[in-house]
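Below is one structure, written out as structure tokens, with a few remarks after it.
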Amino acid sequence: MFFFYYVGFVVMIIFILQAIAFLTLLERHYLGGSQCRIGPNKVGYSGVLQCLFDGFKLMKKEHIFLFSSSHFSFLFMPVSCFMLMIFFWFTLPYFFSFFSFEYSGIFLFCLMGVSVYFIMLSGVFSGSKYAFVGGLRSCAQSYSYEIAFSVYLLVFLLFNKSISLCSSFCLFFFLFLLPFFCLVLIDLHRAPFDFSECESELVSGFNVDYSSTGFAFLFLGEYGNLLYFSFLVSSLFFDSSFFFFYFLVCLVIFSRSAYPRFRFDMLMTLCWLIFLPIGFYFFGFLFVVFMV
């Protein structure tokens, strides 16, 4: 039995890495089309192999260490971010009970809480003041959305009367589809909430000192989370529909070219004064209904 779980784990990682590679190609084509320019179309058949050769080129680049950084911890943080992304996929309700387990909802809360530390420590272990400030600002962003995001997930768990994430479909959920999707964008650090990695005054935020393999693992973790949370929203709101999963991925991509970047104070105001009260309202409503 252990052998089958091991094989399933390896196969899942291969499929995730393959999906991430072609997701980057899809994003470059869509963003190119939105800006009336041609995307990658030279390498392979119409640019299909472009993502693979870009990955090989990134791996061949020199890995730079700062004198003031802890070398082991500096390399360990990107790998930890990648492994954390893999653990996220264990919480999804699959069509077969291969990886699903009873406490997937609680496990998702724990993973989201731990992810903040990896972002912060990536900036701390870099040994650079720019990366350190970028990590602190990323933590401020994470604290703002995580509480509201947890309240919305508790609404789903309370409605299903289970602490396990499972596919569900209810018209009641569509009342907070928009705020939940905005929280997903904040969690993914995507535009218009891409403060963690697009800070002009800090060059690139907490990952400014990473290159080669370290940056590749951070990159894989970011786009793997994009696929995961898109499928999670599709599972919670649209009963695991792959059509809506693809639609949500495209929506996340096109938001990058459609909206300008917010400010930090606007983001924190949005999370604390708008999304959080709405989440408490729905949670209190369901609590009263089920208690009565």
Side-chain angles (χ1 to χ4, degrees), residues 27 31 34-35 77 81 84-85 88 108-109 111-155 175-210 215 218-219 221-223 225-226 228-230 232-233 248 251-284:
E27 181 179 23
L31 292 179
S34 66
Q35 299 168 2
M77 286 297 107
C81 292
L84 186 68
M85 180 270 295
F88 270 114
L108 177 59
F109 288 139
L111 292 178
M112 291 183 60
V114 171
S115 63
V116 181
Y117 296 99
F118 288 124
I119 295 177
M120 180 183 67
L121 293 178
S122 296
V124 172
F125 290 137
S126 296
S128 169
K129 60 181 179 181
Y130 300 105
F132 178 72
V133 174
L136 292 181
R137 295 182 65 172
S138 300
C139 288
Q141 176 183 351
S142 301
Y143 295 147
S144 299
Y145 78 81
E146 274 195 356
I147 298 177
F149 196 90
S150 301
V151 171
Y152 282 93
L153 283 180
L154 286 175
V155 171
L175 297 176
F176 55 92
L177 173 59
L178 181 60
F180 190 81
F181 181 73
C182 290
L183 289 172
V184 168
L185 287 179
I186 299 173
D187 183 41
L188 296 175
H189 307 294
R190 301 286 298 189
F193 309 106
D194 53 340
F195 305 114
S196 297
E197 301 173 359
C198 297
E199 304 184 30
S200 57
E201 65 273 18
L202 299 176
V203 183
S204 183
F206 71 94
N207 60 353
V208 64
D209 297 315
Y210 285 96
F215 181 80
L218 291 175
F219 182 84
E222 176 185 349
Y223 278 84
N225 287 333
L226 191 157
Y228 166 77
F229 280 100
S230 298
L232 178 65
V233 175
L248 290 170
L251 198 61
V252 172
I253 292 175
F254 280 117
S255 67
R256 182 176 177 180
S257 61
Y259 297 100
R261 188 174 303 145
F262 277 35
R263 298 197 315 263
F264 254 97
D265 59 326
M266 296 173 64
L267 169 66
M268 300 179 75
T269 302
L270 184 68
C271 292
W272 289 102
L273 300 182
I274 298 179
F275 289 160
L276 187 60
I278 293 176
F280 278 128
Y281 173 78
F282 284 113
F283 181 79

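Considering CZ of F206 and CE of M77, their distance stands at 11.5 Å, rounded to 0.5 Å. Note that OG of S142 and CZ of F149 are 12.0 Å apart. Values are rounded to the nearest 0.5 Å. Atom CG of residue L226 and atom CD1 of residue I253 lie 7.0 Å apart, to the nearest 0.5 angstrom. Note: F193 CZ to C182 SG = 5.0 Å, rounded to the nearest 0.5 Å. If you take CZ on R190 and CG on N225, they are separated by 11.5 Å, rounding to the nearest 0.5 Å. Residue F215 holds its CZ atom at 6.0 Å from CG of N207, rounded to the nearest 0.5 Å.
Taking 4.5 Å as the limit, every side-chain heavy atom of V208 sits out of range of all side-chain heavy atoms of S126. Between I147 and L276 the shortest side-chain heavy-atom distance falls below 4.5 Å. Residues Y228 and M85 are not in side-chain contact: their nearest non-hydrogen atoms beyond the backbone lie 4.5 Å or more apart.
What you find for L248 and S230 is that their closest heavy atoms are CD1-O, 3.5 Å. Pairing each heavy atom of V233 with each of F180, the nearest pair is CG2-CE2, 3.7 Å. Of all non-hydrogen atoms in P179 and Y152, the two that sit nearest each other are CB-OH, 3.6 Å. Minimum heavy-atom separation, C271 to A148: O-CB, 4.3 Å. G279 and V155 make their closest contact through O-CG2, 4.2 Å (heavy atoms, listed as atom of the first residue, atom of the second, distance). Counting all heavy atoms, side chain and backbone alike, P277 lies closest to W272 at CD-O, 3.5 Å.
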Query - Stepwise side-chain contact (heavy atoms from CB on, under 4.5 Å) test for Y143 and M268 - result: CA-CA 9 Å; Y143 295 147; M268 300 179 75; over 6 Å; no

Report task. Quick one: do F181 and L251 satisfy side-chain contact (heavy atoms from CB on, under 4.5 Å)? Show the steps, please. Result -> CA-CA 10 Å; F181 181 73; L251 198 61; 3.6 Å; yes

**Report entry** S122 vs Y210, side-chain contact (heavy atoms from CB on, under 4.5 Å): CA-CA, chis, key distance, verdict
**Finding:** CA-CA 9 Å; S122 296; Y210 285 96; 3.8 Å; yes

Query raised in the report: side-chain contact (heavy atoms from CB on, under 4.5 Å) between R256 and D194: does it pass, once the steps are laid out?
Result: CA-CA 9 Å; R256 182 176 177 180; D194 53 340; 5.9 Å; no

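Using a distance-only test at 3.5 Å, with no hydrogens or angles considered, a donor-acceptor pair links the side chain of Q141 to the main chain of I186. No side-chain donor-acceptor contact under 3.5 Å links S34 to the backbone of S257.
With a 6.0 Å radius and a threshold of 12 heavy atoms from other residues, nucleotides or ligands, F132 has its CZ atom at or below the threshold. Summarising the local packing, CZ of F109 is surrounded by more than 12 heavy atoms from other residues, nucleotides or ligands at distances under 6.0 Å.
Of the listed residues (Y281, F280, F282, F283), just one forms a ring pair (Phe, Tyr, Trp, His ring centres under 6.0 Å) with F176, and that residue is F282.
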